[in-house]
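Because the structure is predicted, anything quoted here is derived from the model rather than measured.
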Amino acid sequence: MLFQIFASFFKIGAFTIGGGYAMIPLIKNEVCTKRGWITEDDFLDGLAAAQSAPGPIAVNISIYTGFHAHGYSGMLMAVLGSVLPSLIIIVAIAMLFHQYAEQTMVKRAFSALRPAVVALIAVPLLQMAKKSGLSLKNAWFPLLIAVLVGALNVTPVYLILLTIVYAVWEARK
């Protein structure tokens, strides 16, 4: 089981371009659908925790999933599996990039990957919106947060604290 955890996260880490958010649909498919290590509800809970915790989301969700699947040793294997491909690739790129960065083919390859990365980030966003009960009645809140952070450069820390205060206030009603 430990090798399966390591291999699954290694494969995801090796073949996902675009960072942690692009990994989310692949991790969800692997750990919920294909392997059945955790339920979709547990995955969404873990995703919420992973987004709230400091650090890279891919590492955070691998910690959560690995621990759920096989305790501390599963957690270690999941983290190693998700981080090792990036480490290997970054070292290789660092050794070669300065030689090839300005070549037209390299520039075109990176440019071609951008739309795919946007789609890989949009899919889990839409899935989370559906699962979280987002509707026309409450859609104003995430849209307001997006405008405040994206357009007005308000730091997310204040918005998170404000959201916590608002949630506690609403819960008291």
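Linking Ile, Leu, Val, Met, Phe, Trp and Tyr residues whenever their side-chain heavy atoms come within less than 4.5 Å leaves I145 and V147 in two separate clusters. Criterion: ILVMFWY side-chain heavy atoms under 4.5 Å apart, direct or through other members. Under it, L47 and I63 are not part of a common hydrophobic cluster. No path of Ile, Leu, Val, Met, Phe, Trp and Tyr side chains, each step under 4.5 Å between heavy atoms, connects V123 with I24, placing them in separate hydrophobic clusters. Cluster annotation: F110 is not connected to I90 through the hydrophobic network of ILVMFWY side chains, with a link wherever side-chain heavy atoms come within less than 4.5 Å. Both I88 and I12 belong to a single network of hydrophobic side chains, linked directly or stepwise wherever heavy atoms of I, L, V, M, F, W or Y lie under 4.5 Å apart.
Atom OG1 of T163 sits about 3.5 Å away from atom CZ of F141, to the nearest 0.5 Å. From L143, atom CG reaches atom CG of L134 across 7.5 Å, with rounding to the nearest 0.5 Å. For the atom pair F10 CZ and F3 CZ, the distance stands at 9.5 Å (nearest 0.5 Å). Rounding to the nearest 0.5 angstrom, the gap separating the CD1 atom in I121 from the CG atom in L126 is 12.0 Å. Atom OG of residue S86 and atom CD1 of residue I93 lie 9.5 Å apart, to the nearest 0.5 angstrom. Once rounded to the nearest 0.5 Å, the distance linking CD1 of I61 with NZ of K28 reads 11.5 Å.
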* To do: Applying side-chain contact (heavy atoms from CB on, under 4.5 Å), run through T65 and I38 and close with a yes or a no.
  => CA-CA 7 Å; T65 306; I38 62 174; 4.2 Å; yes
* Decide side-chain contact (heavy atoms from CB on, under 4.5 Å) for F9 and V83; before the verdict, give the C-alpha distance in whole Å, the side-chain angles of both, and the deciding distance to 0.1 Å. => CA-CA 9 Å; F9 279 93; V83 170; over 6 Å; no
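When the shell of 6.0 Å around OH of Y158 is examined, it contains 12 or fewer heavy atoms from other residues, nucleotides or ligands.
Between A53 and N60, the closest heavy-atom pair is O-ND2, 3.4 Å. For the pair A50 and I57, the tightest heavy-atom approach, listed with the atom from each and the gap, is CB-CG1, 4.0 Å. Nearest approach of M23 to A58, heavy atoms of both residues: SD-CB, 3.2 Å. P85 approaches L80 most closely through the heavy-atom pair CD-O, 4.3 Å.
Side-chain contact between I5 and V31 is absent, with no heavy atoms from C-beta onward closer than 4.5 Å. By the 4.5 Å heavy-atom criterion applied to side chains, R35 and Q4 are counted as neighbours.
T39 places a side-chain N or O within donor-acceptor distance of the main-chain N or O of D42, the cut-off being under 3.5 Å. Under the 3.5 Å distance criterion, the side-chain polar atoms of S111 are left unmatched by any main-chain donor or acceptor of K107. N138 places a side-chain N or O within donor-acceptor distance of the main-chain N or O of S135, the cut-off being under 3.5 Å.
Using cut-offs of 30° and 60° for the angle between ring planes, the Y72 and F67 rings count as perpendicular.
Shown are L76, V79, I27; of these, the side-chain contact (heavy atoms from CB on, under 4.5 Å) with S62 is made only by V79.
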